[in-house]
Amino acid sequence: EPGHVTHDPCDAGPCHEGATCESHDGTFTCYCPKERTGKFCERELVADIVESVLGFTGRSRVKLVNREHKLTTPKYSLSFRIRPVSGEGVILHSGDTILALVNGHLQFSYGHNVTTGGQLVVQSGVPVMLNTWTEVRVQTYHADIMMEVKGEAGDRTTGRLREGGAAKIETLTSEVFIGGLGSSHHSLPGYTGCLAELKLDNN
């Protein structure tokens, strides 16, 4: 009718962070960019976590192939979050490197005899809590290894190891297995639980 002005709820700009607003039936909907969530797109999704969580049954694994792999690098960094259901199982395996839960502790081992713990072992001081998200960061440089394990309770354990005169820790190979060992080893169980936000160097 003439003189009647309909109020558009989108005029007030209710949607945050570059979201688009669409009004309908006196209300509105915010369409968020992929890194935001919430009614007004007010919350940030941490590394788009909704799409990046993998579940492992203990008998499943994923093979990642890095086509730009360079063997010459003397260092690498690795970070991920885990939510384990079992305190035993191989989380990551590549070349002579294994990251596994052993008796509830996170253990990094490097060496030619990986099934018996390898020549070089770094272990978290406290067990990793089951059914709880835990952040893990590993950094290697020549013969140095730094491992940081941070649970939701805020307990943080850092293992630093420098092997006097040890052979340097090689970088991971072009094939990285997540959730279990390669076909040649069967003595260690596979990982059971969830894994998210895996970053190898900056990928």
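Under the 4.0 Å criterion applied to side-chain N and carboxylate O atoms, E135 and R81 are not assigned as salt-bridge partners.
Partner of L101 under the side-chain contact (heavy atoms from CB on, under 4.5 Å) criterion, out of T192, L188, V128: V128 alone.
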Dump the intermediate steps for side-chain contact (heavy atoms from CB on, under 4.5 Å) on V122 and Q107, then the final yes or no. CA-CA 6 Å; V122 176; Q107 187 175 285; over 6 Å; no

Step by step, work out the side-chain contact (heavy atoms from CB on, under 4.5 Å) result for Y191 and V90. CA-CA 5 Å; Y191 172 65; V90 174; 5.8 Å; no

Apply side-chain contact (heavy atoms from CB on, under 4.5 Å) to the pair Y110 and I145, showing each step before the final yes or no. CA-CA 10 Å; Y110 177 83; I145 163 84; over 6 Å; no

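In this structure, M129 CE and R83 CZ are separated by 10.5 Å, a value rounded to the nearest 0.5 Å. To the nearest 0.5 Å, atom OH of residue Y141 and atom OG of residue S77 are 13.5 Å apart. Atom CG in L78 sits 8.5 Å away from atom CZ in F108 (nearest 0.5 Å). One distance of note links CD1 of I82 with CG of L195; it measures 7.5 Å at 0.5 Å rounding. For the atom pair CZ of F177 and CG of L172, the computed distance is 12.0 Å after rounding to the nearest 0.5 Å. Remark: S23 OG to H7 NE2 distance equals 9.5 Å, nearest 0.5 Å.
The side-chain hydrogen bond (donor to acceptor under 3.5 Å, both in side chains) search around E175 returns K63, not counting sequence neighbours. The side-chain hydrogen bond (donor to acceptor under 3.5 Å, both in side chains) check on T29 picks up H24, with sequence neighbours excluded. With sequence neighbours left out, L130 forms a side chain to side chain contact (heavy atoms under 4.5 Å, CB included) with P84. Shown here are the side chain to side chain contact (heavy atoms under 4.5 Å, CB included) partners of C30, two or more places apart in sequence or in another chain: C15, F28, C41. For S79, the side chain to side chain contact (heavy atoms under 4.5 Å, CB included) partners are R137, K199, not counting sequence neighbours.
F80 places a side-chain heavy atom less than 4.5 Å from the side chain of L99. At least one side-chain heavy atom of F56 sits under 4.5 Å from a side-chain heavy atom of I178. Contact annotation: the side chain of L198 never approaches that of L200 to less than 4.5 Å [non-hydrogen atoms, C-beta and beyond].
Using a distance-only test at 3.5 Å, with no hydrogens or angles considered, a donor-acceptor pair links the side chain of H105 to the main chain of S124. Listed for the T140 side chain is no donor-acceptor partner under 3.5 Å among the backbone atoms of K75. At distances below 3.5 Å, at least one donor-acceptor pair connects side-chain atoms of R36 with backbone N or O atoms of E42. With R61 contributing its side chain and L181 its backbone, the two residues share a donor-acceptor pair below 3.5 Å. Judged by distance alone, the side chain of S94 and the main-chain N or O of T173 form a donor-acceptor pair under 3.5 Å.
The salt bridge (Lys or Arg N to Asp or Glu O under 4.0 Å) contacts involving residues 15-24 comprise nothing, where partners must be two or more places apart or lie in separate chains.
Linking Ile, Leu, Val, Met, Phe, Trp and Tyr whenever their side-chain heavy atoms come within less than 4.5 Å leaves V85 and L106 in two separate clusters. V138 and I91 fall within the same hydrophobic cluster, defined by Ile, Leu, Val, Met, Phe, Trp and Tyr side-chain heavy atoms under 4.5 Å apart, directly or through other members.
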